[in-house]
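Worksheet for the structure shown next.
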Amino acid sequence: MHISERLKLVCEHKNWKIKDLAELTGLPYRTIRGYISGEREPNVEDMATIAKIGVNLNWIVIGEGEMFQSIMQIIDMQKTPALWTGVFLI
């Protein structure tokens, strides 16, 4: 399964339209549409932004773990956002 398919599943699970995901993340509608359609892959910054709304990046990228983060993971991520974006720079 690809990132685009997992993003579709997130939207289906939450009953979100592309517009909803764009508004929640603050990313442009066309960008989200491109990710969901598979036309483009999210960059590091956009992946971190998607994680800030509670989506588990491990699940999005490699399909492991739960679809959504626990509340404690979200709180920790908000305290140290640089660590989350740095994970994908390795």
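These numbers come from a predicted model, not from an experiment.
Shortest non-hydrogen contact noted between Trp59 and Glu66 is CB-O, 3.2 Å. Ala51 approaches Leu57 most closely through the heavy-atom pair CB-CG, 3.6 Å. Nearest approach of Arg40 to Thr31, heavy atoms of both residues: NH1-OG1, 3.6 Å. Considering every non-hydrogen atom in both Ile36 and Cys11, the closest pair reads CD1-SG, 3.9 Å.
Annotation: the span from Leu9 atom CG to Met1 atom CE amounts to 5.0 Å, rounded to 0.5 Å. To the nearest 0.5 Å, atom CD of residue Glu41 and atom OG of residue Ser4 are 7.0 Å apart. Between atom CE of residue Met67 and atom CZ of residue Arg6 there is a gap of 10.0 Å, rounded to the nearest 0.5 Å. Atom CD1 of residue Ile3 and atom OH of residue Tyr35 lie 9.5 Å apart, to the nearest 0.5 angstrom. Atom OH of Tyr29 is separated from atom NZ of Lys17 by 10.0 Å, given to the nearest 0.5 angstrom.
Residues that satisfy the side-chain contact (heavy atoms from CB on, under 4.5 Å) test with Thr25, not counting sequence neighbours, are Leu21, Leu27, Ile32, Thr49, Ile50, Ile53.
No donor-acceptor distance shorter than 3.5 angstrom exists from the side chain of Asp46 to the backbone of Asn43, with no hydrogens or angles considered. Checking side-chain atoms of Gln69 against main-chain N and O of Val55 turns up a donor-acceptor pair under 3.5 Å. For Arg33 (side chain) and Ile18 (main-chain N/O), no donor-acceptor pair under 3.5 Å exists by modelled atom type.
Heavy-atom contacts from other residues, nucleotides or ligands closer than 6.0 Å to CD of Glu5 number more than 12.
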